[in-house]
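Report on the structure given below.
Please read these numbers as outputs of a predicted model, since none were measured by experiment.
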Amino acid sequence: MSIITIEVPDERSGPARPLSNIQPTYRTQSSDTNINAELHQFKLWRSLPLWKKAEIVSGWTKGVWEMSLMAIQNRYPQASLLEIRHQFALCTLDDETALNVIRQNLNPPVMITDPISLVLVVTAILDELGIPYLIRGSVASSLLGEPRSTQDIDLVADLTLPQVKPLVAALQPRFYVDEETVKSAVRYQNSFNIIDNESIVKFHIFILKNNPFSRSEFERRQVQIVRTNPDQTVVLPSPEDIILQKLLWYRDTHFSSEKQWRDILGVMKLQGATLDFKYLGYWGEQLKLVETLDRALGESGLL
């Protein structure tokens with residue numbers, strides 16, 4: 001894998017298009033957004049290097065997490081640090097997991113951080129142990145498409161059983177992780193969670209599946225710079241693969257998740273004509289996503 005710095009040229013969108021040239025199927029990201037305003041906004045995002053978009057995603061997400069914590073503190077002004085930690089954990093975790101997490105750190109206050117900093121902590125451990133990975137989910141789609149805040153972090157790892165024990169040892173005590181759950185995930189190619197004990201942010205770590213699309217996605221992953229001075233990198237899927245993965249998730253929600261759909265359109269609109277449409281078409285057929293893919297291409301102005 002080579003390091004790629006995304007400096008997106010204006011040729012992706014070309015000169016400003018009059019409304020008469022916009023496809024009638026084009027859909028704005030929000031119902032209260034004017035088409036011309038949205039086209040200008042995507043042009044501005046397109047001009048940013050990926051590390052700058054990472055700053056935006058980090059700032060927005062950290063702000064959301066800080067506001068959530070402040071709301072809990074205002075709602076429970078007499079609560080102890082432990083009670084505040086518990087309430088904050090319940091925002092994203094089930095009751096049992098929240099209790100398990102706070103038992104590991106009974107006293108410290110919640111330490112708000114940002115998703116890119118957390119990603120860099122975890123991926124440094126994976127790199128040290130020689131575990132290949134890629135970042136997926138809303139972090140990836142925000143860096144490759146329309147930026148937004150995120151609630152948790154998704155990651156795919158090509159993890160083997162002999163690597164489980166050293167991985168768990170390296171993650172602890174900073175992260176809550178259950179070794180037996182990790183082993184089960186590896187055996188059955190599903191997923192497990194780790195939770196940062198400082199910020200109570202959850203990672204979904206998916207084990208790389210042994211199927212043609214998952215292997216293709218993994219082979220096409222790209223190293224991207226997300227911090228500068230000095231450069232720090234993470235591994236992301238290609239824009240085409242995050243689109244296809246999001247389409248699969250959208251189908252899994254019975255085509256009901258507006259958040260997934262907006263992420264899909266966001267990547268398509270930002271990447272524009274540089275997308276590999278032949279690759280999208282091939283996997284659209286293989287994954288039985290043709291109708292949904294065509295709808296997305298139409299609503300993003302690419303069909």
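Cluster membership check: Y76 shares its hydrophobic cluster with W65, using side-chain heavy-atom separations under 4.5 Å among Ile, Leu, Val, Met, Phe, Trp and Tyr. Under the 4.5 Å side-chain heavy-atom criterion for ILVMFWY residues, no single connected hydrophobic cluster contains both L90 and I200. At a threshold of 4.5 Å between side-chain heavy atoms, the hydrophobic network of Ile, Leu, Val, Met, Phe, Trp and Tyr places L208 and V223 in one connected group. The hydrophobic cluster containing L161 also contains I205, counting ILVMFWY residues as joined when their side-chain heavy atoms lie under 4.5 angstrom apart, directly or transitively. Residues M111 and V121 do not share a hydrophobic cluster, clusters being chains of Ile/Leu/Val/Met/Phe/Trp/Tyr side chains in contact below 4.5 Å.
A donor-acceptor pair under 3.5 Å links the side-chain atoms of S300 to the main chain of A296, judged by distance alone. The closest donor-acceptor contact from the side chain of K53 to the backbone of L48 lies at 3.5 Å or more, if one exists at all. Formation of a donor-acceptor pair under 3.5 Å by the T253 side chain with backbone atoms of S257 is found in this model. A donor-acceptor contact shorter than 3.5 Å is absent between the side chain of S30 and the backbone of T33. No donor-acceptor pair under 3.5 Å is formed between the side chain of D196 and the backbone N or O of F175. Between the E198 side chain and the V110 main chain, no donor and acceptor come within less than 3.5 Å of each other. Using a distance-only test at 3.5 Å, with no hydrogens or angles considered, no donor-acceptor pair links the side chain of Q271 to the main chain of M268. Between the side chain of Q87 and the main chain of I72, no donor-acceptor pair closer than 3.5 Å is present. Side-chain atoms of S142 never come within 3.5 Å of backbone atoms of V139 as a donor-acceptor pair (strictly under, hydrogens ignored). When atom types are taken as modelled, the side chain of S47 and the backbone of L44 share a donor-acceptor pair closer than 3.5 angstrom.
Under 4.0 Å is where a charged nitrogen must lie from a carboxylate oxygen, and between E179 and K183 at least one such pair does. Salt-bridge annotation for K269 and E146: absent, with no side-chain N of the basic residue lying under 4.0 Å from a carboxylate O of the acidic one. Look at E217 and R136 and you find a salt bridge, because one of the NZ, NE, NH1 or NH2 atoms lies within 4.0 Å of a carboxylate O, short of that distance.
Annotation: cation-pi pair R220/Y279 present, NZ/CZ under 6.0 Å from the ring centroid and within 45° of its normal.
Of all non-hydrogen atoms in P237 and L144, the two that sit nearest each other are O-CD1, 3.4 Å. Annotation for Q224 and L236: closest pair CG-CD1, 3.7 Å, computed over non-hydrogen atoms. Residues L270 and R46 share a closest heavy-atom pair of O-NE, 2.9 Å. Closest heavy-atom contact between L50 and V226: CD2-CG1, 3.7 Å. Among all heavy-atom pairs drawn from S184 and N190, the shortest one is O-OD1, 4.1 Å. Listed here is the closest heavy atom pair of D231 and T228: OD1-CA, 3.7 Å.
To the nearest 0.5 angstrom, T97 atom OG1 is 3.5 Å from D94 atom CG. E291 contributes atom CD, which lies 12.0 Å from atom CG of L247 (distance to the nearest 0.5 angstrom).
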| request: Run the numbers on S68 and F88 for side chain to side chain contact (heavy atoms under 4.5 Å, CB included), then give the verdict. | output: CA-CA 8 Å; S68 297; F88 190 77; 4.1 Å; yes
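At least one side-chain heavy atom of P239 sits under 4.5 Å from a side-chain heavy atom of L275.
For residues 220-261, every residue pair satisfying the ring pair (Phe, Tyr, Trp, His ring centres under 6.0 Å) rule, not counting sequence neighbours, is listed here: Y250-F255, Y250-W261. Residue pairs that meet the salt bridge (charged side-chain N to carboxylate O under 4.0 Å, His left out) test with at least one member in residues 247-261, sequence neighbours left out, are R27-E258.
Residues T150 and S138 have side chains that bring a donor and an acceptor to within less than 3.5 angstrom of each other.
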